[in-house]
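The structure appears right after this line, and notes come after that.
Residue numbers run from 1 in the order of the sequence given.
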Amino acid sequence: MRRSRKFLLTLLTLMLAFGMAACSGGKKEESAAPAKEADAEAVKTAVNPDEPGWKQSAATPITFDWYMNFSWFNKKWGDDPTSQYVTKKTGVGINFIVPAGNENEKLNTMIASGKLPDFITLGWYEEAVKKMVNGKLVLPLNELAEQYDPYFFKVADPAKLGWYTNPDGNVYGYPNASSSPADYKKYGEVFTSNQTFEVRKDMYEAIGSPDMSTPEGFLNALKLAKEKFPEVNGQPLIPLGLHDFTDVGNYSLEGYLQNFLAIPQQKDGKLYDRRTDPEYLKWIKTLRKANEDGLLAKDIFIDKRPQMEEKIAQGRYFAMLYQRSDFAAQNMTLHQKDPNTAYIAIDGPANAAKDAPTLSGPGISGWTLTLISKDVKDKQRAIQFLSYLISEEGNKDLFLGEKGFSYDTIDGKDQFLPAALEVLNKDRTAFDQKYGSSFTYWMLMDTNMNLQWAPPSVDPAKQMEDWTKGKSISMAEFDNIDPPAASEEGIANSKIARNWGKALPKMLLAKSDAELDEIFNKFMSDRAASGGDKIDAYRQQAYESNVKKLEALNK
């Protein structure tokens, strides 16, 4: 197929060259279109929509450059049996490109250059997605599939394609960890959330396992823990851990805390600014009081994820409002040494009515989007490989690895071999190196599809997962509703976000509640002066559009 296409291209090139020599300038442009169309038709006749296209190309090796917009991603394709198996099977290797420092700076520099690696994976919520699409730096997946690999449409989820269809009718990215309304009907009871409030088990029990859902109980527990455990292996105890502060705020102290307080994101169909909610401000003042009482370590204002992971591994935090998956490996290590020193999920901050948390569960937007660059070295191989990765076969290969090595059919079910499962449950880092499966390469993982092969969870992960069941909801209607960065509203929104990033730590460091109120009120007045009403109007319209789109997908 590739040889016949090459012949056709050569013939068309010669015909085009002859036409260009004999015709006027106006006819040069006319001759290019038939050539392109003929090439496309030749490819279409060569591919079978009922067969995976990657199988036709697997004998020819190719290596794609794949940019991961996550500085903490440290995997190297080909260093483990699973990635080696996939390359042997598909002929595709991967050269991962990972930013050494600030992700946005690296990606924006590449976008400004106008040239991108073959594949790009980043959070769906990143402004860079819009920049790449609007700048025509990435290719429509649907057009690539129609031309080079129609099998894509057999393995792609129609709901995900519908959700990510742009106004121009094209789909530019495919999500991982995505759950549609139909998925909630099918799997909703087992869906979990990453959002947990954790405490170190032995310390928590040593101070009497107090109720930390009220401001008074929360502050008292932090105080008791610091008094009883002033040091951990010669290092000062950190009473409370949070996600890192950035130039636009702190995830733990925004949507995360608001979800624990069950603060609605809309009321009667109108978006609600949860920052203004009395329950939220009450808890921000609780944290200000914690700082006044010496219960907020300076570490939390400066530490980034690597520093947090190191201190979690040392067991230096008493409590954390932190995503459980972000420290799963460290918690597993603690659990292996002594289960009592591991972190467990408990009921955290709650509103005065003690409503159950409304935690962020899986949504149709997923976690990341993967896009194909206009500069991709081989369009056909790229869309074929993406089709493989999102298919059940590709997901199974990356989750279970190679049959006979990391998994086998046991009692009628494809599952990890006992030796592999033992390593997975004891040492995630060692598992990644020895096997490289079970979401080691998560770029296009389908978390629902993988439930059929997933082994039962074990502690300490199981305890945290179970705690979130029944509390996790989809928040897809609120996804991607902020205005484009380059628009008038987007510029104002960026300014307001940076103002919030400055105001939030100042509120925690305020000397009194009155000073906190002053800082907050100034932020709100500045927001109004910066065009907050226009931003709200844009977000409201986008939210209503999302609701309609979800209703259509739910039919």
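For the pair Thr109 (side chain) and Glu105 (backbone), a donor-acceptor distance under 3.5 Å is present. The backbone N or O of Pro418 sits nowhere less than 3.5 Å from a side-chain atom of Glu422 that would complete a donor-acceptor pair. A donor-acceptor contact shorter than 3.5 Å links the side chain of Asp183 to the backbone of Ser180. The backbone N or O of Ser474 lies less than 3.5 Å from a partner atom in the side chain of Tyr184, making a donor-acceptor pair. Without hydrogens or angle criteria, Ser472 side chain to Ser193 main chain gives a donor-acceptor distance under 3.5 Å. A distance-only check finds no donor-acceptor pair linking the side chain of Glu279 to the backbone of Asn351 [under 3.5 Å]. A donor-acceptor pair under 3.5 Å links the side-chain atoms of Asn395 to the main chain of Leu389, judged by distance alone.
Between the CG atom of Leu417 and the OH atom of Tyr435 there is a distance of 7.5 Å, given to the nearest 0.5 Å.
For residues 506-516, every residue pair satisfying the salt bridge (charged side-chain N to carboxylate O under 4.0 Å, His left out) rule, not counting sequence neighbours, is listed here: Arg288-Asp513. Sorted by first and then second residue, the side-chain hydrogen bond (donor to acceptor under 3.5 Å, both in side chains) pairs with a member in residues 483-493 read Glu488-Lys534; sequence neighbours excluded. Judged as a ring-ring contact (aromatic ring centres under 6.0 Å, His included), the pairs with a partner in residues 266-294 (not counting sequence neighbours) are, in order, Phe218-Trp283. For residues 207-222, the set of pairs meeting the side-chain hydrogen bond (donor to acceptor under 3.5 Å, both in side chains) definition, not counting sequence neighbours, comprises Asp211-Ser213, Ser213-Lys354.
Aromatic rings from Phe73 and Trp442 are positioned such that their centres are separated by under 6.0 Å. Between Phe399 and Phe416, the ring centre distance stays below 6.0 Å.
A salt bridge links Asp446 to Lys160: one of the charged nitrogens lies within less than 4.0 Å of a carboxylate oxygen.
With sequence neighbours excluded, the residues satisfying side-chain hydrogen bond (donor to acceptor under 3.5 Å, both in side chains) with Thr440 are Arg428, Asp432. Checked against salt bridge (charged side-chain N to carboxylate O under 4.0 Å, His left out), Glu309 has the following partners two or more places apart in sequence or in another chain: Arg305. Residues passing the side-chain hydrogen bond (donor to acceptor under 3.5 Å, both in side chains) test with Lys186, sequence neighbours excluded: none. For Glu477, there are no salt bridge (charged side-chain N to carboxylate O under 4.0 Å, His left out) partners at least two apart in sequence or on another chain. Remark: Ile300 pairs with Ile238, Leu242, Leu296 by the side-chain contact (heavy atoms from CB on, under 4.5 Å) rule, at least two apart or across chains. Taking the salt bridge (charged side-chain N to carboxylate O under 4.0 Å, His left out) definition, one finds that Lys76 meets it with nothing, sequence neighbours left out. Remark: Asn69 pairs with Tyr67 by the side-chain hydrogen bond (donor to acceptor under 3.5 Å, both in side chains) rule, at least two apart or across chains. Evaluation of the salt bridge (charged side-chain N to carboxylate O under 4.0 Å, His left out) rule for Lys495 yields no partner, not counting sequence neighbours.
Between Phe523 and Phe520, the ring-plane angle classifies as tilted under the 30° and 60° cut-offs.
Sparse packing is recorded around CD of Glu189, with 12 or fewer heavy atoms of other residues, nucleotides or ligands lying under 6.0 Å away.
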